[in-house]
Number of protein chains: 2
Amino acid sequence: MNQTRRDVFQAISDPTRREIIGLLARRSLNLNKVADHFTMSRPAVAKHIRILTECGLVVVQTRGRETFCQADLKGLKQVSDWANTYQEFWNDKLDALERFLDEDPCDENL
Amino acid sequence: MNQTRRDVFQAISDPTRREIIGLLARRSLNLNKVADHFTMSRPAVAKHIRILTECGLVVVQTRGRETFCQADLKGLKQVSDWANTYQEFWNDKLDALERFLDEDPCDENL
DNA sequence: TTTTTTGGAAACCGTATGGTTTCATTTACA
DNA sequence: TGTAAATGAAACCATACGGTTTCCAAAAAA
């Protein structure tokens with residue numbers, strides 16, 4: 001649970017964290033409310049939330065004894081942009097067969 | 001390096017694998033050619049490629065003694081679609097402040 | 001002022017991850 | 001036919017990951 005390689009791609013690689021994102025996108029919740037949606041323990045959820053904050057997808061804000069978790073998903077644009085770079089692969093404009101035939105098998109000699 | 005949780009999100013969480021995707025999107029390469037782009041060992045690259053094949057993003061095809069690696073990035077649509085679900089967060093239509101103000105602080109009592 | 005509620009923090013655990021080196025095998029080439 | 005190229009496979013390693021339980025502290029409520 002260190003600070004290495006804490007980028008958005010790694011943050012969203014875990015299904016639990018994607019679920020947390022889904023929850024917080026609709027409304028802010030405190031930690032216990034988030035944890036209530038899962039069968040795992042509260043500390044486990046807390047660790048996921050920490051990871052999400054470490055890459056800026058979630059912002060926490062202490063109010064009294066509660067920790068309010070708020071989604072800030074601008075960072076997902078990076079993911080969207082990256083994936084969309086390869087849109088041609090699923091856009092029908094150029095299907096897999098076409099790509100295969102287009103490809104010069106001698107490219108390997110570069 | 002087992003077969004657990006080998007989904008697209010996990011596959012693209014590693015920067016090396018995203019780089020491999022970038023390479024193979026332009027042209028198919030055999031394993032050694034891919035490995036030439038990295039400082040790490042060939043077996044390390046081979047493992048990354050195996051992970052990419054396990055979720056369908058890369059297809060390998062043995063020809064003689066060579067293993068040709070070909071990208072098939074239709075699986076990235078899933079990533080794009082998921083991220084785009086949250087477009088509103090970076091679309092200016094609704095900026096963070098607005099979201100914050102829109103939010104009913106009493107939602108927490110659900 | 002007790003007692004809940006809320007959650008931080010630490011210690012621990014099993015397994016996955018990302019890498020290495022070494023060795024064997026198959027194919028191509030001189 | 002010997003040799004080089006291309007790769008698979010296995011063993012190994014350190015650390016990250018995802019989870020747990022336990023305990024403590026602070027704020028809120030009774």
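Throughout, a chain's letter reflects where its sequence line sits, starting with A, and its residues are numbered from 1.
Rounded to whole Å, the distance from CD on A:Glu54 to C1' on D:dG18 is 14 Å. Going from atom CG of B:Leu31 over to atom P of D:dA9 covers 12 Å, rounded to whole Å. One interatomic measurement links the two molecules: CG of A:Asn32 to C1' of D:dA27, which rounds to 14 Å at whole-angstrom precision. As rounded to whole Å, 10 Å separates atom C1' of C:dT5 from atom CG of A:Asn30. Distance, A:Ile49 CD1 to D:dG19 C1': 15 Å, rounded to whole Å. Here the P atom of nucleotide C:dA16 and the CD atom of B:Gln10 are 11 Å apart, to the nearest Å. Per the geometry, CG belonging to B:Leu29 stands 14 Å off C1' belonging to D:dA6, to the nearest Å. At whole-Å resolution of the value, NZ in B:Lys33 and C1' in D:dA5 are 10 Å apart.
Ranking D:dT21, C:dA11, D:dA6 by closeness to the A:Ser41 side chain, first place goes to D:dT21. Distances were taken from every side-chain heavy atom of B:Lys47 (C-beta onward) to each of C:dG7, C:dG19, D:dT7; the shortest belongs to C:dG19. For A:Met40, counting side-chain heavy atoms from C-beta on, the closest listed nucleotide (D:dT20, D:dT7, C:dT20) is D:dT20. Here C:dG18 is the nucleotide among C:dG18, C:dT21, D:dG18 with the atom lying nearest to any side-chain atom of B:His48.
Within residues 16-23 of chain A, the residues having any heavy atom closer than 4.0 Å to DNA chain D are, in order of number, A:Arg17.
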Show me the side-chain donor-acceptor pairs of residues 15-23 of chain B shorter than 3.5 Å, one per line, residues at least two apart or across chains.
from, atom 1, to, atom 2, distance (Å)
B:Thr16, OG1, B:Asp14, OD1, 3.4
B:Arg17, NE, B:Ala11, O, 2.6
B:Arg17, NH1, B:His48, ND1, 3.0
B:Arg17, NH2, B:Gln10, O, 3.4
B:Arg18, NH1, B:Ile12, O, 2.7
B:Arg18, NH1, B:Ser13, O, 3.3
B:Arg18, NH2, A:Asp7, OD2, 3.3

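You'll find the side chain of B:Lys33 reaches within 4.5 Å of the side chain of B:Asn30, heavy atoms only. Side chains of B:Val79 and B:Phe9 form a contact here, defined as non-hydrogen atoms less than 4.5 Å apart. In this structure, B:Phe68 and B:Gln70 have side chains that are not in contact, with every pair of non-hydrogen atoms separated by 4.5 Å or more.
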Which protein N or O atoms sit under 3.5 Å from an N or O of nucleotides 23-27 of chain C?
from, atom 1, to, atom 2, distance (Å)
C:dT27, O2, B:Arg65, NH1, 3.1

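Contact record, B:Ala83 with B:Trp90: O-CH2, 3.4 Å, taken as the closest heavy-atom pair. Summarising the geometry of B:Cys69 relative to B:Leu24, their closest heavy-atom pair is O-CD2, 3.5 Å, with the distance given to 0.1 Å.
With rounding to the nearest 0.5 Å, the separation of CG in A:Leu73 from CZ in B:Phe89 is 4.0 Å. One distance of note links CH2 of B:Trp82 with CG of B:Leu76; it measures 14.0 Å at 0.5 Å rounding.
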